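Note that the structure is predicted; figures quoted are calculated from it, not measured. Because only heavy atoms are used, hydrogens play no part in the values below, and waters and symmetry mates are left out as well, while side chains stay in. Letters go in sequence order (proteins before strands), and every chain restarts at 1.
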There are 2 protein chains.
Amino acid sequence: MKPDKQKRLEAAGFKIGTADDFLKLTPAESELVTLRLSLAHDVRRRRIALHFTQADLARRLGSSQSRIAKLEAAEPDVSLDFLFRAMFAMGAKRREVGQLIAAV
Amino acid sequence: MKPDKQKRLEAAGFKIGTADDFLKLTPAESELVTLRLSLAHDVRRRRIALHFTQADLARRLGSSQSRIAKLEAAEPDVSLDFLFRAMFAMGAKRREVGQLIAAV
DNA sequence: AAGTGATATGTCAATTCTGACATATGTCAA
DNA sequence: TTGACATATGTCAGAATTGACATATCACTT
């Protein structure tokens with residue numbers, strides 16, 4: 001958001017902040033949320049780059065299409081284990097995953 | 001292991017390899033195992049650097065001393081979620097965690 | 001409009017993971 | 001040796017996550 005727009009909104013009584021602020025997350029919780037979102041987004045990016053459907057990826061993981069949809073939506077009942085397994089199942093290396101996680 | 005020692009052992013009929021080889025892990029499984037071990041090791045390293053006992057860390061996580069012991073031992077019933085929560089609970093940032101994961 | 005393939009959403013029983021607890025082992029100082 | 005503190009190991013009921021399935025929605029072609 002541009003600074004001037006933020007000023008105008010605040011003048012109008014709106015509090016502006018990130019979703020983390022809004023939800024009053026601790027720094028640790030915030031890091032975890034960001035991590036989950038990054039992974040979920042990258043799974044989709046990689047899947048599409050490989051021309052896989054969700055069903056294709058599910059088959060590789062011994063899972064189901066609906067679970068992949070939930071994974072990519074970063075739904076709260078999706079574990080980090082599942083997210084990482086999806087990454088590695090698409091050939092991602094620790095090096096690449098580390099870079100993704102470290103990215104600001 | 002030093003190369004010469006490995007040669008001697010192989011000459012004696014021993015097969016030398018990594019645990020991954022021995023267990024016949026796929027590359028994806030291998031990446032996951034290494035990831036878990038790296039995190040578990042780093043949790044212990046950080047905890048000790050902070051002069052925390054396992055009970056201290058457990059309290060921060062709303063967990064128990066025994067679960068932290070299992071975590072640091074990378075026992076198979078410990079989730080990646082729990083490992084990451086422990087890292088972040090000790091103040092680790094995504095940047096640092098990413099570097100740890102990316103490290104060869 | 002109807003058909004087709006991909007993705008999203010909801011539910012649920014089974015599996016997996018968790019905190020809690022008991023207890024064992026280890027370490028070190030008094 | 002005893003005591004005090006830290007860590008390890010085992011168990012288990014409850015909580016969280018899973019695959020499977022049904023079905024809805026979307027995008028595109030005919």
Side-chain angles (χ1 to χ4, degrees), chain A residues 19 23 25-26 28-90 92 97 101, chain B residues 19 23 25-26 28-90 92 97 101:
Chain A
L23 295 168
L25 300 184
T26 65
E29 287 166 338
S30 172
E31 293 284 85
L32 204 58
V33 168
T34 305
L35 173 61
R36 291 171 53 83
L37 292 175
S38 301
L39 288 168
H41 190 265
D42 213 61
V43 165
R44 165 161 274 170
R45 188 185 65 73
R46 283 172 181 272
R47 176 178 64 78
I48 290 172
L50 291 171
H51 303 102
F52 281 9
T53 65
Q54 292 182 343
D56 290 335
L57 176 54
R59 207 170 311 115
R60 282 207 175 205
L61 284 168
S63 182
S64 57
Q65 178 268 325
S66 64
R67 292 304 305 173
I68 303 299
K70 291 176 216 290
L71 182 160
E72 293 183 357
E75 292 195 10
D77 70 348
V78 172
S79 71
L80 282 181
D81 297 71
F82 199 47
L83 283 157
F84 277 97
R85 284 201 293 121
M87 289 289 281
F88 292 139
M90 290 187 300
V97 175
I101 293 173
Chain B
L23 295 169
L25 299 183
T26 65
E29 286 167 339
S30 172
E31 293 285 84
L32 203 59
V33 169
T34 305
L35 173 61
R36 291 171 53 84
L37 291 175
S38 300
L39 288 168
H41 190 266
D42 213 60
V43 166
R44 165 159 274 171
R45 189 183 67 72
R46 283 173 182 273
R47 177 179 63 78
I48 291 173
L50 292 171
H51 302 105
F52 280 10
T53 65
Q54 291 182 344
D56 291 334
L57 177 53
R59 206 171 311 114
R60 282 208 174 203
L61 284 168
S63 181
S64 57
Q65 178 266 324
S66 65
R67 291 304 303 175
I68 304 300
K70 292 177 217 289
L71 181 161
E72 293 184 356
E75 291 195 11
D77 69 349
V78 172
S79 72
L80 281 181
D81 297 70
F82 198 46
L83 283 157
F84 277 97
R85 285 202 293 120
M87 290 289 281
F88 293 139
M90 291 186 300
V97 175
I101 293 172

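- The side-chain contact (heavy atoms from CB on, under 4.5 Å) check on B/Ala92 picks up B/Arg46, B/Met87, B/Glu96, B/Val97, with sequence neighbours excluded.
- Scanning both residues, B/Val43 and B/Ala86, for their nearest heavy atoms gives CG2-CB, 4.0 Å.
- Side-chain N or O atoms of A/Ser30 include none that pairs as donor or acceptor with a backbone N or O of A/Thr26 at under 3.5 Å.
- Here the P atom of nucleotide D/dA8 and the CD1 atom of B/Ile68 are 11 Å apart, to the nearest Å.
- Summarising the geometry, the separation between CD on A/Glu75 and P on C/dT11 is reported as 12 Å, rounded to the nearest angstrom.
- Remark: nothing in residues 37-44 of chain A comes within less than 4.0 Å of DNA chain D through any heavy atom.
- Between the CZ atom of B/Arg36 and the C1' atom of C/dC17 there is a distance of 11 Å, given to the nearest Å.
- When the salt bridge (Lys or Arg N to Asp or Glu O under 4.0 Å) test is applied to A/Arg85, no partner is found at least two apart in sequence or on another chain.
- By the salt bridge (Lys or Arg N to Asp or Glu O under 4.0 Å) test, B/Arg59 pairs with B/Asp56, sequence neighbours left out.
- Between A/Ala28 and B/Ala89 the shortest heavy-atom distance is CB-N, 4.2 Å.
- Checked against side-chain hydrogen bond (donor to acceptor under 3.5 Å, both in side chains), B/Arg44 has the following partners two or more places apart in sequence or in another chain: B/Glu72.
- Legend: ring-ring contact (aromatic ring centres under 6.0 Å, His included) pairs involving residues 34-78 of chain B, not counting sequence neighbours: none detected.
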**Q.** Protein-to-nucleotide contact annotation, 5' to 3' order, nucleotides 16-21 of chain D [B base; S sugar-phosphate only; - none; under 4.0 Å, heavy atom]
**A.** -SBBBB

Q. Which dot-bracket string fits DNA chain C when only Watson-Crick or G-U wobble pairs with both atom distances under 3.5 Å count, crossing pairs get [ ], and | stands for a partner on a different strand?
A. ||||||||||||||||||||||||||||||

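- Within the 4.5 Å cutoff, no side-chain heavy atoms of B/Leu50 are placed close to those of B/Leu57.
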For residues 63-70 of chain B, run the donor-acceptor check on the side chains, cut-off 3.5 Å, and write out each pair with its distance to 0.1 Å, sequence neighbours left out.
residue	atom	partner	partner atom	Å
B/Gln65	NE2	B/Gln54	OE1	2.9
B/Arg67	NH2	B/Asp77	O	3.4

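- In this structure, CD1 on A/Ile101 lies 5.5 Å from CG on A/Leu39, to the nearest 0.5 angstrom.
- Annotation: side-chain hydrogen bond (donor to acceptor under 3.5 Å, both in side chains) contacts of B/Arg45 (sequence neighbours excluded): B/Asp42.
- Residue pairs meeting the ring-ring contact (aromatic ring centres under 6.0 Å, His included) criterion with at least one partner in residues 62-86 of chain A, sequence neighbours excluded, are A/Phe84-B/Phe84.
- Within residues 47-54 of chain B, no residue has any heavy atom closer than 4.0 Å to DNA chain C.
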